[in-house]
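Here the structure comes first, spelled out in structure tokens, and everything after it is commentary.
So that the names make sense, note that chain A is the first sequence line, chain B the second, and so on, each numbered from 1. Heavy atoms only: backbone and side chains are in, while hydrogens, waters and symmetry mates are out. These numbers were taken from a predicted model, which means no experiment stands behind them.
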Number of protein chains: 6
Amino acid sequence: MFYHIKELQYKAKPERPDPIFARQLQEILGGQFGEISVALQYLFQGWNTRGDGKYKDLLMDTGAEELAHIEMLATMIARLLDGAPVGDLEVAAKDPVIGAILGGMNPQHAIVSGLGAMPADSVGNKWSADYIIASGNLLADFRANLNSESQGRLQAVRLYEATTDRGVKDMLSWLIARDTMHQNQWLAAIYELECKENVVVPSTFPRELEKREVSHVLFNYSRGNESATGRWANGPSIDGEGVFQYVENPQPFGKKPILKPAPPYIHDTLPAVLRDQEIPPSLK
Amino acid sequence: MFYHIKELQYKAKPERPDPIFARQLQEILGGQFGEISVALQYLFQGWNTRGDGKYKDLLMDTGAEELAHIEMLATMIARLLDGAPVGDLEVAAKDPVIGAILGGMNPQHAIVSGLGAMPADSVGNKWSADYIIASGNLLADFRANLNSESQGRLQAVRLYEATTDRGVKDMLSWLIARDTMHQNQWLAAIYELECKENVVVPSTFPRELEKREVSHVLFNYSRGNESATGRWANGPSIDGEGVFQYVENPQPFGKKPILKPAPPYIHDTLPAVLRDQEIPPSLK
Amino acid sequence: MFYHIKELQYKAKPERPDPIFARQLQEILGGQFGEISVALQYLFQGWNTRGDGKYKDLLMDTGAEELAHIEMLATMIARLLDGAPVGDLEVAAKDPVIGAILGGMNPQHAIVSGLGAMPADSVGNKWSADYIIASGNLLADFRANLNSESQGRLQAVRLYEATTDRGVKDMLSWLIARDTMHQNQWLAAIYELECKENVVVPSTFPRELEKREVSHVLFNYSRGNESATGRWANGPSIDGEGVFQYVENPQPFGKKPILKPAPPYIHDTLPAVLRDQEIPPSLK
Amino acid sequence: MFYHIKELQYKAKPERPDPIFARQLQEILGGQFGEISVALQYLFQGWNTRGDGKYKDLLMDTGAEELAHIEMLATMIARLLDGAPVGDLEVAAKDPVIGAILGGMNPQHAIVSGLGAMPADSVGNKWSADYIIASGNLLADFRANLNSESQGRLQAVRLYEATTDRGVKDMLSWLIARDTMHQNQWLAAIYELECKENVVVPSTFPRELEKREVSHVLFNYSRGNESATGRWANGPSIDGEGVFQYVENPQPFGKKPILKPAPPYIHDTLPAVLRDQEIPPSLK
Amino acid sequence: MFYHIKELQYKAKPERPDPIFARQLQEILGGQFGEISVALQYLFQGWNTRGDGKYKDLLMDTGAEELAHIEMLATMIARLLDGAPVGDLEVAAKDPVIGAILGGMNPQHAIVSGLGAMPADSVGNKWSADYIIASGNLLADFRANLNSESQGRLQAVRLYEATTDRGVKDMLSWLIARDTMHQNQWLAAIYELECKENVVVPSTFPRELEKREVSHVLFNYSRGNESATGRWANGPSIDGEGVFQYVENPQPFGKKPILKPAPPYIHDTLPAVLRDQEIPPSLK
Amino acid sequence: MFYHIKELQYKAKPERPDPIFARQLQEILGGQFGEISVALQYLFQGWNTRGDGKYKDLLMDTGAEELAHIEMLATMIARLLDGAPVGDLEVAAKDPVIGAILGGMNPQHAIVSGLGAMPADSVGNKWSADYIIASGNLLADFRANLNSESQGRLQAVRLYEATTDRGVKDMLSWLIARDTMHQNQWLAAIYELECKENVVVPSTFPRELEKREVSHVLFNYSRGNESATGRWANGPSIDGEGVFQYVENPQPFGKKPILKPAPPYIHDTLPAVLRDQEIPPSLK
């Protein structure tokens, strides 16, 4: 169950309106690695954890915090849109600054949301649950989380570099710091689980059931040998189960596949046609 | 540039047709973490690498291999669909096994693809480029890759557990082994980059520009203190830049946000209406 | 900002596992009118409200409650999936009940989410922000909300009729009651706004700027006159601005449109080709 | 069955081309509440009506009219695109007006549709059937329709405010008037159905099967009591079945949920790992 | 402008209900090549035709007919759903026929549409405007149309083979016949345009601006020479502009691409890191 | 199996960076008819071909070549993005050229991909497998391929007209030439299959099972007789199976459909309500 309080986790006030930047900022609200993604990803992982304890609590703590970040970004975007103009080519042609705004803003911010934030990214794609993952295996999922916080902080930093507004920079410096913490916390949890289990997910699948002869081999499918010099091609494997090998000229282990014909009721191309033979009149 | 050879990387032949399993197997061909995802993810990361060297080569090696995995799965699925029946309720009611097939198979395997594999997941969602990521920052992206290989191996293992067909199990044990290698290789590359840079992505953003006072703090937004006992709340932070702290009763740092009214040409709800005041007749 | 407490708003415990019903129940978690939709719809409407007061508070109260409903449904679905089997055709053919489960369950519940709830509907479409609306005009949006609660309660009732599990029915009877309240509350708010403004949204657009001669006219574009007998074709209009009229044989007010040719650099079909004339050799 | 006549329902001719406004106008052609949405929504509701009579006829009348609106908007957009330029940065840098066009137009209007209208919204998202609803329950669906016409008229009004072209304004004033009628007609139909049935959808579900103790209660999940002063928290409920109540400090009715472990073949995180215990070597 | 008449173009009445087949039949209503696709594709092509004449009229004739086919399929699907059961595992386990229905039907047909047809395909993906094309170039578009009618007739034939219901077969034999006509008509129109212009689209681009040395060359990028024996590798080219050639060992014409580093404000991986060099402390 | 070599099939180097054109060029990389679409379409058709021989080899040859085109476009786009600026309104207002770039570029090229190409089209829609087709019937699929190459070449030509950069034009003239070949080759393959089978797909469905009386009839559903003058309404049909006919006033062959009521557990609108009758109190 959730309680909302109306104060923001951190302030979200720009120095001045800027509809162009409002559009860009949508990326970390409603994009692939925006705050909607991490909020719902952590909450679903928490709700689906089969058992209890510190990992589940950590997920719920962080998921609830990300809801507060959605709120901060929605507030900031609405303020960046304050008094945003509307217009057509004639309006744009008269005033180059308004022209730049009409070209660079998201038109839906005026037409659809009435100067409000949208659950969408910086080009206007609506947020999709395709962006999130919750597998029931926490080591796998914490790696998903570490990735999300890495991509998310990278995007926040790029936005920080793009704005000249001190209010926006101030809020972004908060979000960037929180992403620092979240990368740290998922790393801490990952290291702990890797120690308890193994670095390979899932750790519970018996190794003898996989084709172990290719479990630590790098196949060179892109001509040139630069990759042969990496750690991944030399020395003991990271999982401690073997030694890395490099195969310069990988050969196929399988045969050329030839599929059987389909039954007539499927009406695929007939075998005779494929073989360049005459089709019997009865089939025409 | 790419050359194709017709032999498969590894054999892909089931003992017998099974349209129900064909549908399930689509998950690791065209699902969020299927082979299309990893192939295009690694290739785009490689093409976008600004520079040259072993990391780029590793990406191209692995991307090209994943194309071979798409091919193996497409071949296996087509064979699992050999002679798949079509039918309606009357057909299903007569023979319980055919009824089970009609209920459990993907109807598009008959109607749309003519007993061929589809670029779709196990419930029929078409593959989407929303699944992949290439950010230009390799540490961020290798974490995405490690996650993909973790989720992917987990799904392959679950499918291995579900099938009784020795041919399918044989192919899956190959793919599982390759996922073992790919987890190992991305881990090796990640450790190397973390050493060269720092564990926090991006490492090039000056730390003094973030709100460092919250860079290593866990806020307890979900009532209950289980998470206070984890490594992420105690001891030096993983990035070596601070000490983890735990805040039991986090308070808001911001104020209650109140947004300014919109301009009249936007036709949002009028401030007078929000404040329960009479609307002046001129505005009605 | 949000706080989470671990107790559920209401209990979510089935009598027994049922992976078939788990799939169906996904509809009101992650479908077009599921709990994710209403939660994010109300929260975005609240965050985007330009001003303050009772309507905004009502939106935040209800949005926060819907988060609790997502949690209840996620919990219920995970429990319905307890111990769900995996299998292929051979497994299905041996035991008709397992066959029914494999046909009727969502395979991603096993392969992807590891027996957890997913942000998806009952056929497996992932949740999309295309489902929600926040326009900045509260009368418009409260109508969206009334619709959501009407569709949502209808779906919950249909699911109630489909299950024989007393635990599931118990939880659904809670959600249905809350939908009763939510329909009541949006109706109350709508009536208030309609009184303050007018029934036509937006009320602030000057009526003399629209083509008032067709503002209260029903055109009969589907042969047959049944619709002429309705209230919408007789008597004063609901908005008090006119009298309903019925036009039995509506005629076009516009002309046949003929578009100008495109410039040559667009390479559309040439006008000469459209007019069945010879193309000059210079253009070939 | 449908007949098409080539004359437009109303004229669709701008004073001058304007590719920037063409892009914006796409919103009410192919956006969430554009004409494609209402046309297909009303037609599907009509086709799915189980029975006959005036409601079905009204749906078919209006659905057929909306097809004419798609046609008017497609025509208008094609004309706004007349002679639209193509170009790159060099072209844009030379002439600020062409620069504004290249920045503000949809590039697919030149590259993909050859200066034709597209089934897409103002940012280029393709139209999706996720936008529409037909539930078989007409009261629910007429509320969906009232919402669509409210959002649609709001968007048309915003576009009217944005353009300076008298031809475009003229057409929009027609569409706005038709939206006025459509809001009126769905209101008339809704009031009639609410009288026959009840305001709560579906009216046919026995009230004693829902948890009536919470059917008229507002829970205060967002700190602050502004919402306690509304009609929805005071007096008899709108459905005539109870009295509104306000609960200031809502407490959970359920317990903290703890999910059972998954079966081993699912390879979720092991219970021992969650409980911070040693994993038995046999499971490693 | 459109008029609707209530009689169907052709009858749409099954012998008996069949919710399993209702789901399958959705493919040709709301799938990639279903009737919604062809209706909107032809109408948009017609509306966007820049000029007038017989091609535009043909498009509007056929587009309007396809609307009637949507109507027939919607009617048939609703009737196949007559009295469809709802239920859970307990219901399914008791009666194998109901179990087969619950497994094989689309659960949204009960929960969402109330036994009505949906704008979706046979696995439940909602219809998307991504399926359609209108480019402004009629030869290109008529090829799109020929493809749509070929795929559509193929799917209708596969469905014909799957059903045992004489009413359904009767309606499908109508739709298959109309697809025969539509393939014939687009072929007739294509041949005419190919004669007027050339077989290569667009015909208006000057041939000397393309790299003519590779305009008629087949490169052998898949090891093995079977394709060398086809017409496409021998004799004069179809466009009459050259002679087909076959290149057995295609070599790259370009160089290995090395991209320049990104500016620092983008925070991509640093060149030093890519080159395995020490990062200067100032950049860390 | 696939091998990659690092040299490009053809060079991909612009004269100068141009982020506006980079966005436009995305259309033929990741749009509906971009290189990702043709690559995966041909590969899936090849993998699904049930049998062997020259058609399958042709598909694999061409599919592998299209992978090289993705690579060329990704390289070109990354180079067009070299040093692309980031910024907000203040930056845009100071320098009109930077303003034009910020308005006309895809903001995700900076924020998300770090100046790399994306699997998306020119407005930022991510690539979707909805774009591709593989049906198992080669004549149907080669028509899909001919359409793809026609639309693709048209788009490439439009982009050629829009750019002033000689490096970009040079690469496009290569791709346009390859599209010329690919249109030629699919035409050659189509003519061969049409000779072996028949022009109507699928050729294997017995003609006597379709309603032959409407297999060659053009119904005039759009008022006006221009289409009566075309080849498709006069003379022998293209398939040699009949004679084209034109019906000026097509009448319905079916009756007005009236659907039966739904069962009570579906809670659709009651028949009494539809018929304007009193609802019995027991049902209220």
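Taking a cutoff of 4.0 Å between a charged side-chain nitrogen and a carboxylate oxygen, B:K211 and A:D170 qualify as a salt bridge.
Proximity to chain B is limited to the side chain of A:Q183, based on heavy atoms less than 4.5 angstrom apart. Only the side chain of A:F244 has a heavy atom closer than 4.5 Å to any heavy atom of chain B. Contacts of B:D141 with chain A are made by both backbone and side-chain atoms, with heavy-atom separations under 4.5 Å. Only the side chain of A:D268 has a heavy atom closer than 4.5 Å to any heavy atom of chain B. Proximity to chain A involves both the backbone and the side chain of B:Q9, based on heavy atoms less than 4.5 angstrom apart. Both the backbone and the side chain of B:Y131 come within contact range of chain A, judged by heavy atoms closer than 4.5 Å. A:A233 does not touch chain B: none of its heavy atoms, backbone or side chain, sits under 4.5 Å away. For a residue to count as touching a neighbouring chain, one of its non-hydrogen atoms must lie under 4.5 Å from one of that chain's; by this rule A:E194 touches chain B with the side chain only. Only the side chain of A:D82 has a heavy atom closer than 4.5 Å to any heavy atom of chain B. Of the two parts of A:Q185, the backbone and the side chain both hold a non-hydrogen atom closer than 4.5 Å to a non-hydrogen atom of chain B. With a 4.5 angstrom heavy-atom cutoff, A:I190 does not touch chain B via any of its atoms. For a residue to count as touching a neighbouring chain, one of its non-hydrogen atoms must lie under 4.5 Å from one of that chain's; by this rule A:I5 touches chain B with the side chain only. The contact between A:I266 and chain B is made entirely by side chain atoms (from C-beta outward), counting heavy-atom distances below 4.5 Å. Proximity to chain A (any heavy atom under 4.5 Å) is shown, for B:L154, by both the backbone and the side chain.
Comparing A:P261, A:P257, A:G224 by heavy-atom pairs within less than 4.5 Å of chain B, the highest count is held by A:P257. Interface summary for chain A: among B:Y191, B:F33, B:Y10, the most heavy-atom pairs under 4.5 angstrom belong to B:Y10. Among the candidates B:V217, B:V199, B:N184, B:N125, the residue making the largest number of heavy-atom pairs closer than 4.5 Å to chain A is B:N184.
Side-chain contact annotation: B:N198 with B:D239, donor-acceptor N/O pair under 3.5 Å absent. Inspection of the B:S227 and A:D61 side chains reveals an N or O donor paired with an N or O acceptor under 3.5 Å.
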